[in-house]
Colleague: 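Below you will find the structure I want to go over with you.
Quick caveat: nothing in here was measured; it's all calculated off a predicted structure. First the proteins, then the strands, lettered A, B, ... as listed; each starts at 1.
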Number of protein chains: 2
Amino acid sequence: MATYLIRKLEQFTALSRDDKEALERAASVRQRRLGSREDIFHEGDAPGRVNLILDGWACRYKMLEDGRRQIAAFLLPGDLCDLRMFILRQMDHSVGTLSPVTVAEIPKDAVIDLSDNYPRISRALWWTSLVEEAIQREWTTNLGQRDALERMAHLLCEVFVRLRAVGLTAGSSCELPVTQAELADATGLSTVHVNRTIQELRARGLVILRGKTLSIPDLDALQDVALFSANYLHLGRVGREYDANDV
Amino acid sequence: MATYLIRKLEQFTALSRDDKEALERAASVRQRRLGSREDIFHEGDAPGRVNLILDGWACRYKMLEDGRRQIAAFLLPGDLCDLRMFILRQMDHSVGTLSPVTVAEIPKDAVIDLSDNYPRISRALWWTSLVEEAIQREWTTNLGQRDALERMAHLLCEVFVRLRAVGLTAGSSCELPVTQAELADATGLSTVHVNRTIQELRARGLVILRGKTLSIPDLDALQDVALFSANYLHLGRVGREYDANDV
DNA sequence: CGGTCATTTGAAATCGTTCAAAAGGAGTGG
DNA sequence: CCACTCCTTTTGAACGATTTCAAATGACCG
């Protein structure tokens with residue numbers, strides 16, 4: 001069940017059978033099934049267990065007092081919602097589902113055990129944190145510098161490449177279980193303008209969006225429009241030096 | 001010399017004399033003095049030592065191919081530029097100075113030693129990572145949801161509160177060694193609009209900006225305009241449970 | 001004292017928002 | 001299976017926040 005997490009971590013380092021079993025065990029202690037648009041946790045909550053997305057999409061978001069909402073990250077299968085946040089007193093943001101989701105609730109002691117006793121996992125989890133930070137910086141750049149078309153294109157590139165890394169693409173297609181209103185909250189645009197921007201991308205033949213399915217006929221072309229470079233995702237098994245010695 | 005780092009970490013947990021000496025030692029191994037607008041490291045570089053800002057201001061930034069620049073974070077005295085990034089192959093962004101800066105270059109082995117053998121420091125460094133992530137999320141929200149006036153106000157609130165946490169404010173004033181063009185790169189606005197926005201804040205009596213000095217006569221009022229809440233900075237010695245047992 | 005960089009001002013152009021409403025789709029209960 | 005409802009997508013038109021362009025003023029450095 002921790003398949004996607006394992007695939008993700010293997011982008012950074014090979015894992016031994018033992019490593020993988022430890023991850024599977026941690027992820028199977030307790031699971032929770034949520035519908036669309038439910039909170040996994042909410043700003044102000046005290047952190048508890050660590051939530052791993054097994055299936056479905058979620059997002060980090062912040063609300064302003066007057067109701068404006070910013071989606072600050074998409075959480076895809078294999079993503080951890082709150083790794084290590086249990087040292088804080090309160091969550092400073094919320095995480096909610098965008099589609100039906102299955103989460104594994106990993107007890108914090110299990111996380112500590114993984115960190116202390118499985119060096120490859122420990123390093124790989126550090127790597128996931130660094131990548132998350134890099135993604136967040138990229139989103140800041142996206143909102144600050146790119147115009148609407150570039151911004152939407154960039155978001156779609158990122159989602160596609162991240163899904164591909166965990167095996168959730170089929171050819172040039174993937175799921176995109178997100179409404180235009182949610183894309184608006186993620187890009188800082190109005191829903192009206194998101195709609196027009198998507199139409200423009202469609203008109204240029206850069207994306208095909210039907211229902212909840214996204215197709216990108218020419219990823220290079222979309223990346224060019226988006227000024228997208230995947231370097232910040234740090235994918236592709238760079239850690240040869242950390243290969244499992246006992247796979 | 002690691003005074004500001006120590007003050008920052010003490011926002012999270014008390015430190016023993018031993019802890020502090022270890023930090024001082026790590027920060028004194030090698031220091032580097034940089035002028036204004038020099039790079040501490042650059043996107044694409046291989047990570048090496050860990051850079052700690054001892055004095056002066058720096059920023060994380062990303063450049064797009066066509067020259068647009070986004071400042072993604074301000075790095076203030078006591079901030080670490082690249083904690084744990086040495087597990088990556090390449091830096092995905094650059095860090096450059098905004099004013100003359102003194103950095104301590106901490107060998108990565110020294111960082112590992114601190115993490116492995118000083119549990120309070122280890123946890124506190126952890127906490128700094130979480131706060132950095134939270135700040136980055138907040139910047140995303142700032143760019144995505146707040147209009148120009150709120151956005152500038154928010155940025156100034158954050159900087160002031162962070163500086164206050166390390167003792168770099170005097171009453172309602174602090175340094176702001178940053179040009180309007182740099183504020184523009186940080187807020188995703190044009191320099192012209194930054195200028196007009198600052199004038200508006202001035203006209204409302206919310207800020208006094210003369211030269212490189214910022215004064216905030218009524219922080220609460222500025223926070224209200226900015227929809228600013230300091231919760232995401234996780235300041236204020238919340239970790240009673242982690243108090244040093246041997247201070 | 002000249003030169004360079006930073007701030008300020010004005011006016012026109014533009015991108016994106018807002019408001020309002022229609023059209024399309026999916027699920028529900030009768 | 002239809003009628004109904006709710007939600008999402010789409011369209012049009014006016015408005016407004018922010019950008020761009022261009023130039024003047026001010027501050028600091030050598």
Colleague: I'd like to know if the side chain of B/Lys62 reaches the main chain of B/Asp92, judged simply by a donor and an acceptor atom lying under 3.5 Å from each other, with no hydrogens or angles considered.
Modeller: yes

Colleague: Could you check how far CG of B/Leu98 sits from C1' of C/dA6, rounded to whole Å?
Modeller: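 Atom CG in B/Leu98 sits about 15 Å away from atom C1' in C/dA6.
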
Colleague: So what does B/Arg37 hit on the nucleic acid, given a heavy-atom distance under 4.0 Å: a base, only sugar-phosphate, or nothing?
Modeller: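 If one applies the 4.0 Å heavy-atom cut-off, B/Arg37 turns out to touch the sugar-phosphate alone, with no base involved.
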
Colleague: Tell me the interatomic distance from A/Glu150, atom CD, to C/dG16, atom P, rounded to whole angstroms.
Modeller: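 One finds 9 Å between P of C/dG16 and CD of A/Glu150, rounded.
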
Colleague: Taking NE2 from B/His193 and P from C/dT14, how many angstroms apart are they, rounded to a whole number?
Modeller: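 Atom-to-atom, B/His193 to C/dT14, this comes out as 18 Å.
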
Colleague: To the nearest Å, give me how far apart CD1 (A/Ile198) and P (D/dT9) are.
Modeller: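 The distance from CD1 of A/Ile198 to P of D/dT9 comes to 8 Å, rounded to the nearest Å.
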
Colleague: Considering just the side-chain nitrogens and oxygens of A/Asn195, establish if one lies under 4.0 Å of OP1 or OP2 belonging to D/dT9.
Modeller: no

Colleague: Specify the separation, in whole Å, of atom CG of A/Asp147 and atom P of D/dT20.
Modeller: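 Result: 10 Å.
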
Colleague: Record whether the side chain of A/Arg151 comes under 3.5 Å of the base of C/dG16 through a donor-acceptor pair of N or O atoms.
Modeller: no

Colleague: Is the distance between the ring centroids of A/Trp139 and A/Tyr232 under 6.0 Å?
Modeller: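 No, the ring of A/Tyr232 stays outside the 6.0 Å limit from the ring of A/Trp139, centre to centre.
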
Colleague: Verify the contact: side-chain N or O of B/Arg202 to OP1 or OP2 of C/dT8, cut-off strictly under 4.0 Å; return yes or no.
Modeller: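 For C/dT8, OP1 or OP2 has a side-chain N or O of B/Arg202 closer than 4.0 Å.
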
Colleague: In this structure, how many angstroms lie between the C1' atom of C/dT17 and the CD atom of B/Gln145, rounded?
Modeller: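 Distance, rounded to whole Å: 13 Å.
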
Colleague: Within the 4.0 Å heavy-atom criterion, would you say B/Thr179 contacts the bases, only the backbone, or no part of the nucleic acid?
Modeller: sugar-phosphate

Colleague: Expressed as a whole number of angstroms, how long is the span from B/Leu209:CG to C/dT8:P?
Modeller: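 In whole Å, C/dT8 P lies 9 Å from B/Leu209 CG.
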
Colleague: State whether A/Gln199 places a side-chain N or O below 4.0 Å from either non-bridging phosphate oxygen (OP1 or OP2) of D/dT11.
Modeller: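 For A/Gln199, the contact criterion (side-chain N or O under 4.0 Å from OP1 or OP2 of D/dT11) is met.
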
Colleague: Could you please name the option among D/dT20, D/dT18, D/dG12 that lies closest to any side-chain atom of A/Val192?
Modeller: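 Output: D/dG12.
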
Colleague: Taking 4.0 Å as the cut-off, does a side-chain nitrogen or oxygen of B/Gln180 come that near to OP1 or OP2 on C/dC5?
Modeller: no

Colleague: Between B/Thr97 and B/Glu38 (side chain of the first, backbone of the second, donor and acceptor by atom type, cut-off under 3.5 Å), is there such a pair?
Modeller: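 Yes; at least one donor-acceptor contact below 3.5 Å.
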
Colleague: Do we see a donor-acceptor contact under 3.5 Å between the side chains of A/Ser172 and A/Ser215?
Modeller: no

Colleague: Heavy-atom count around B/Glu175 CD within 6.0 Å, excluding the residue itself: above 12?
Modeller: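 It does not: B/Glu175 CD has 12 such atoms or fewer within range.
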
Colleague: Using atom CD of A/Glu200 as one end and atom P of D/dT11 as the other, report the distance to the nearest whole Å.
Modeller: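 In whole Å, D/dT11 P lies 13 Å from A/Glu200 CD.
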
